[in-house]
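These notes are about the structure you will find just below.
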2 protein chains.
Amino acid sequence: MIVEISDLQALDVWRRTVVASVRCDAPDLSARQMSLLLTVYLTPAPHTVRGLAELLKVTKPAITRAVDRLTELGMIRRKVDENDRRSVLLQRTVKGSVFLREYGELIVAAMGGDGEGDATGLPPKY
Amino acid sequence: MIVEISDLQALDVWRRTVVASVRCDAPDLSARQMSLLLTVYLTPAPHTVRGLAELLKVTKPAITRAVDRLTELGMIRRKVDENDRRSVLLQRTVKGSVFLREYGELIVAAMGGDGEGDATGLPPKY
DNA sequence: CTATTTAGTTTCGGTTACGAAACATTTAGT
DNA sequence: ACTAAATGTTTCGTAACCGAAACTAAATAG
């Protein structure tokens with residue numbers, strides 16, 4: 001029962017955050033793209049296509065495409081591994097750091113609201 | 001400084017949750033689709049296309065398409081409003097409830113998993 | 001030196017999504 | 001009744017994305 005309430009509270013923080021990010025006109029990233037971006041920024045390097053494909057249990061082309069998209073958005077960068085020139089290392093960028101920092105702030109704002117402020121700037125109905 | 005750490009902790013919970021959902025082979029929903037689904041389930045009815053378009057600041061066709069997709073996935077349902085037959089009410093389904101309940105469990109697991117320590121000895125807020 | 005394995009990308013056919021504009025249907029105004 | 005407004009969907013042309021398989025380039029084995 002308490003767990004149920006906790007689940008609902010957690011989901012509601014999630015809702016407020018995602019709604020705020022959509023309203024802010026942030027790029028409409030898919031779960032795959034977001035998981036890739038967060039992994040590159042928050043887990044220790046090196047990050048390769050193969051490693052991410054295994055971590056996320058998706059195909060390599062799916063990773064390549066997500067990297068393509070995130071590169072277009074300027075949130076990530078490719079760099080050939082000089083120790084093994086077959087490998088591509090995925091690296092952070094300033095723009096990606098800014099985006100994720102702001103995203104973190106959205107989450108914290110959504111947590112702080114807890115029933116009043118909701119980071120959407122709208123009345124509490126939504 | 002403390003805020004920075006808090007942001008990073010929040011982002012890491014987010015990362016663990018999204019990575020887990022991708023690994024679980026959950027549907028690869030976009031931020032828009034997820035925000036729509038969460039809003040229908042966690043905010044008071046009625047939910048209409050127009051209302052959601054305004055809430056999320058996206059076009060009505062974008063909402064129609066997201067509803068199409070979520071309907072195909074069985075996570076949401078359309079119902080004509082009998083008081084104003086122009087309107088379509090968006091309603092919950094069992095499948096959607098199950099999906100979101102499991103998603104909430106993923107978030108809670110990501111919070112408890114590791115790295116939540118803040119050296120205060122106090123339990124995490126959620 | 002050739003064969004095999006490995007890493008990542010590209011191709012293929014088909015699906016999903018986008019905004020703008022046009023659309024049908026229903027309600028409200030006069 | 002006849003017009004005007006509102007709601008949601010469809011169409012249009014375009015871009016993103018999917019998994020499977022073919023592919024290039026680099027490293028390793030025999």
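Every chain is numbered from 1, with letters handed out A, B, ... down the list of sequences.
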Report task. Assign the ring pair B:W14 / A:Y103 to parallel, tilted or perpendicular, where the plane angle (0 to 90°) is split at 30° and 60°. Result -> perpendicular
Query raised in the report: Within less than 4.0 Å of OP1 or OP2 of D:dC17, is there a side-chain N or O belonging to A:R32?
Result: no
Requested in this report: Can you figure out which of C:dT27, C:dT5, D:dC17 approaches the side chain of B:D84 most closely?
Outcome: C:dT27
Requested in this report: Could you state whether B:V67 and A:V22 fall into the same hydrophobic cluster, counting links through intermediate Ile, Leu, Val, Met, Phe, Trp or Tyr residues with side-chain heavy atoms under 4.5 angstrom apart?
Outcome: yes
Query raised in the report: Does A:S87 place a side-chain N or O at less than 4.0 Å from the phosphate oxygens OP1/OP2 of D:dA26?
Result: no
Query raised in the report: To the side chain of A:R85, which of D:dG8, D:dA27, D:dA21 is closest?
Result: D:dA27
Requested in this report: In whole angstrom, give the distance that lies between atom CZ of B:R78 and atom P of C:dT25.
Outcome: 17 Å
Query raised in the report: Would you say a side-chain N or O of A:R65 is under 4.0 Å from OP1 or OP2 of D:dC18?
Result: yes
Requested in this report: For C:dT30, give its Watson-Crick or G-U wobble partner with both distances under 3.5 Å, or none.
Outcome: D:dA1
Query raised in the report: What is the distance, rounded to the nearest whole Å, between atom NZ of B:K57 and atom P of C:dG19?
Result: 14 Å
Report task. Measure the distance from CD on A:E54 to P on C:dG8 and round it to the nearest whole Å. Result -> 10 Å
Query raised in the report: Are B:L70 and B:L89 connected in a single hydrophobic cluster, I mean Ile/Leu/Val/Met/Phe/Trp/Tyr linked by side-chain heavy atoms less than 4.5 Å apart?
Result: no
Query raised in the report: So, is A:Q33 close to the D:dA16 phosphate, meaning a side-chain N or O under 4.0 Å from OP1 or OP2?
Result: no
Report task. Could you work out which one of D:dA27, C:dG19, C:dT16 sits closest to the side chain of B:R69? Result -> C:dT16
Query raised in the report: Any N or O donor-acceptor pair linking the side chain of A:R86 to the base of C:dT6 at under 3.5 Å?
Result: yes
Query raised in the report: Reckon A:S30 touches a base, only the sugar-phosphate, or nothing at all at heavy-atom distances under 4.0 Å?
Result: nothing
Report task. Taking only Lys NZ, Arg NE, NH1 and NH2, and the carboxylate oxygens of Asp or Glu, determine whether A:R15 and A:D12 approach each other closer than 4.0 Å. Result -> yes
**Report entry** Nearest-nucleotide comparison on DNA chain C, the residue closer to the 5′ end among A:H47 and B:T59
**Finding:** A:H47
Query raised in the report: What nucleotide, of D:dA26, D:dA16, D:dT7, holds the atom closest to the side chain of A:E72?
Result: D:dA16
Query raised in the report: CG of A:L90 versus C1' of C:dG8: gap in Å, rounded?
Result: 11 Å
**Report entry** Whole angstrom value for the distance that separates C1' of D:dC18 from CG of B:D25
**Finding:** 13 Å
Query raised in the report: Can you check the B:L29 CG to C:dA17 C1' distance for me, whole Å?
Result: 14 Å
Query raised in the report: Is B:K57 paired with B:E54 through a side-chain N to carboxylate O contact shorter than 4.0 Å?
Result: no
Query raised in the report: Pick the nucleotide of DNA chain C nearest each of A:T64 and B:A62; which residue has the one closer to the 5' end?
Result: A:T64
